[in-house]
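Notes follow once the structure below has been shown.
Just so we're on the same page: letters track the sequence lines, and every chain starts at 1. These numbers come from a predicted model, not from an experiment.
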Amino acid sequence: MTRFVESLNLALHRLLANHEECIVLGEDILDPYGGAFKVTKGLSTAYPDRVITTPISEASMTGFATGMALRGFRPIMEVMFGDFLMLCADQIVNSATKFTYMFNDQVSVPLVIRSPMGARRGYGPTHSQTLEAFFLSVPNLNIIAPSHLHNPGALLYHVGSTSSNPHLFIENKSLYPMPLLTATDGRIDTYFVTSITNHDNNYPTISLKLSQDEPEVTLVVYGGMTPLGMEAIMQSFLEEEVIVELLVPSIIKPIPIEDILPSVEITGTVIIAEEGVLSAGWGTELASQIGEASFSSLKRPIRRLGAKPVPIPASRPLEDQVIPQVADLVSAINHQLDLVQDDESNDSLRS
Amino acid sequence: MTNQTTVSVPNLGVNDELATLVKWTVEHREAVRLDDIICVLETTKAVFDVEAQQSGFLGHLVTSGTDVLVNQAIAVIAESVEEISLLEATAKEAAVDATHLVTATKKAERLAEKLGVDLAAIHSDVIIREKDVEEHHRRSLQESQPIVLETAGDKVAVAIYGAGQGAVTLHEALHLGSDYHVVCFVDDDPDHGTELLDLPVYHGSRLKEIRDQGVGHMACEIAVGAVRLEKLKLCVELGLQMINVIHPTAYVAPSVIMGDGNYIKARAVVETNTVIGNCCIIDNGAIVAHDCELSDGCHLTPGVSLGSNIRVGELSIIGIGASVATGITIGSSALISMGSSVVKNVPDHAIIEGVPGRVIGQRK
């Protein structure tokens with residue numbers, strides 16, 4: 001059973017082995033330490049010329065990597081915590097993603113920035129965030145965010161070897177130690193699993209249901225919210241026999257809307273749950289796109305869940321009050337279907 | 001129990017809830033001293049030696065190579081080896097209990113309790129729902145009750161083997177005539193429910209009981225020829241007759257000779273002196289010209305056209321709208337693809353496709 005972090009590590013080894021132009025860079029990634037989350041373990045020993053440890057300057061690192069990309073390398077850059085992407089932002093927004101346009105297609109910037117995001121570890125306000133939303137409107141930037149239902153190594157390998165524009169590759173840190181779940185004969189335990197590739201064969205959206213009958217609710221999550229989504233649909237099924245279809249995309253920008261609409265057309269009832277802050281988050285964009293494409297299928301308003309608009313506390317129990325929990329997802333499902341009449345819905349999780 | 005301590009997986013780092021027990025350095029039931037290293041744990045960040053907190057005898061609770069959770073008990077240190085044996089016995093019992101876990105929704109559990117249904121008796125690889133409990137209960141009630149069939153009056157009572165779409169077609173055909181009356185369906189698949197067209201569906205194992213209720217005739221439109229022939233054999237063993245069913249709008253020449261269990265459907269044509277074996281299906285609009293010979297279990301699908309003097313071997317299937325030239329011999333277990341045109345003899349097990357038809361493969 002391969003773990004999420006092992007899958008990524010193997011992919012980096014394969015990228016360096018098969019592609020001379022690949023460079024891996026980041027802070028503290030050299031052996032024996034092998035990186036803060038060990039994703040880069042063993043790489044500097046095997047490929048000492050192409051694994052670079054950088055000074056503690058995310059802005060410089062990104063500029064450096066952008067320059068290398070311009071010169072024909074395929075840099076795969078690690079930003080130790082996704083919170084630090086803010087320091088890379090200018091290089092990403094104003095240089096890396098614009099050069100191809102500004103220089104009239106004479107150059108390309110195949111830059112891959114990998115970074116762990118997410119909370120549930122008690123790392124505090126500046127090491128626990130989920131910040132993909134800040135980059136959702138940047139033209140010419142793609143964002144991949146695998147879950148343990150996908151093959152993260154295969155996704156990283158594909159991005160690292162074939163991309164022609166800048167990519168963010170977001171790894172939720174709570175997923176690192178988790179074994180990857182692969183379906184056998186369309187099943188993972190009692191879940192029915194299908195892989196939807198209407199949007200792009202390389203970036204499947206995984207669908208999970210507990211019954212082959214038509215679902216009543218579509219629940220969309222990605223990355224670190226996936227285990228919570230799986231648990232929530234199980235609880236709903238066991239408690240009330242509600243059939244929820246859980247959709248887990250692997251690419252979040254552009255949004256694989258073609259993978260999500262078929263389910264919406266059946267259920268007309270949508271819940272989107274993310275670990276990032278609710279306001280102007282990924283759910284906001286997805287909800288708008290669903291509304292535009294499929295308004296007549298909707299039976300009720302789309303419901304979004306996300307983190308409260310406060311810094312994530314360092315205290316673990318307080319952290320749990322800020323980011324969505326399984327109970328919040330189950331409560332949202334019940335409320336969408338009018339299964340409860342109480343006022344105890346966590347209104348501050350909605351804006 | 002005397003001074004026994006449990007060894008649990010320590011919290012090795014903020015990142016990991018899981019560790020792998022790489023190896024035991026003290027064997028099961030071996031003596032161990034305070035501070036001895038008893039096993040090695042590996043996390044995503046580091047390798048960690050677990051030390052014994054007291055002296056005694058070590059009892060393993062997990063095997064090496066297992067993934068363990070933080071705080072999970074992985075071993076005990078007991079004062080004597082006998083205590084370890086006792087532990088093994090209780091652990092085995094717990095494991096046996098675990099295999100009886102049945103997953104069912106709360107509604108299913110409540111209904112099961114109300115109806116007295118044992119959830120473990122419902123074989124399912126999905127989570128059992130309320131409707132599954134209901135269905136199971138209904139079926140066991142029906143299975144435990146004697147068979148009660150409505151009378152056929154002065155018509156001949158017929159049971160139909162199969163409870164799918166084919167059976168529904170057969171039922172309609174039989175009731176267009178005035179000789180037969182369908183009293184029940186019989187099926188081997190438990191998922192086919194307990195009722196069809198307001199008639200009971202019984203499990204195939206109850207065929208004898210149905211016969212004992214005075215039903216002497218069966219009809220069958222199961223899609224697979226080999227299965228139809230199996231059911232014919234079963235009927236012969238039980239003394240039931242498998243009738244030929246001919247739709248009122250089909251034309252079957254008076255000189256045609258037929259075996260048992262055949263089904264000639266609406267607008268089919270079977271001409272002079274053609275001989276048909278057992279359990280064939282001549283589907284809607286199929287044409288069989290004079291002097292043909294159809295062996296057991298064939299299926300001529302809708303719109304098929306056969307010239308004269310054609311021989312079709314056992315269990316062969318001729319696809320929709322295909323045509324076969326005069327005098328051709330088709331072997332057994334052959335498959336003629338839809339719309340093909342057969343102009344040469346067809347070997348056993350061949351798959352034919354195209355105009356003119358060519359062998360494109362073999363049936364297994």
Region of Tyr33(A) in contact with chain B, defined by heavy-atom distances below 4.5 Å: side chain
For Leu238(A) against Thr103(B), the heavy-atom pair lying closest together: CD2-CG2, 4.2 Å
Value rounded to 0.5 Å, distance of CD1 in Ile127(B) from CG in Asp189(A): 9.5 Å
Exceeds 12 heavy-atom contacts within 6.0 angstrom, atom CD1 of Ile56(A): no
With Tyr176(A) via ring-ring contact (aromatic ring centres under 6.0 Å, His included) - residues at least two apart: Phe37(A)
Gln53(B), CD atom: more than 12 neighbouring heavy atoms under 6.0 Å: no
Distance-minimising heavy-atom pair for Val126(B) and Phe192(A): CG1-CZ, 3.2 Å
Interface moiety of Gln212(A) toward chain B, non-hydrogen atoms closer than 4.5 Å: neither
Contact class of Arg120(A) relative to chain B, heavy atoms under 4.5 angstrom: neither
Distance, nearest 0.5 Å, that separates CG of Asp67(B) from CE of Met1(A): 6.0 Å
Tyr202(B): partners by ring-ring contact (aromatic ring centres under 6.0 Å, His included), with sequence neighbours left out: none
Enclosure of Glu113(B) CD (heavy-atom neighbours >12, cutoff 6.0 Å): no
For Phe237(A) against Thr105(B), the heavy-atom pair lying closest together: O-CG2, 3.2 Å
Contact class of Met234(A) relative to chain B, heavy atoms under 4.5 angstrom: side chain
Per-residue contact mode, Asp213(A) against chain B (heavy atom under 4.5 angstrom): side chain
Gln145(B), CD: over 12 other non-hydrogen atoms inside 6.0 angstrom: yes
Contact origin within Ser211(A) toward chain B - heavy atom pairs under 4.5 Å: side chain
Exam field: side chain Glu241(A) to backbone Glu130(B), donor-acceptor pair closer than 3.5 Å: yes
Glu172(B) atom CD, over 12 foreign heavy atoms within 6.0 Å: no
Lys107(B) and Glu240(A), any side-chain heavy atoms less than 4.5 Å apart: yes
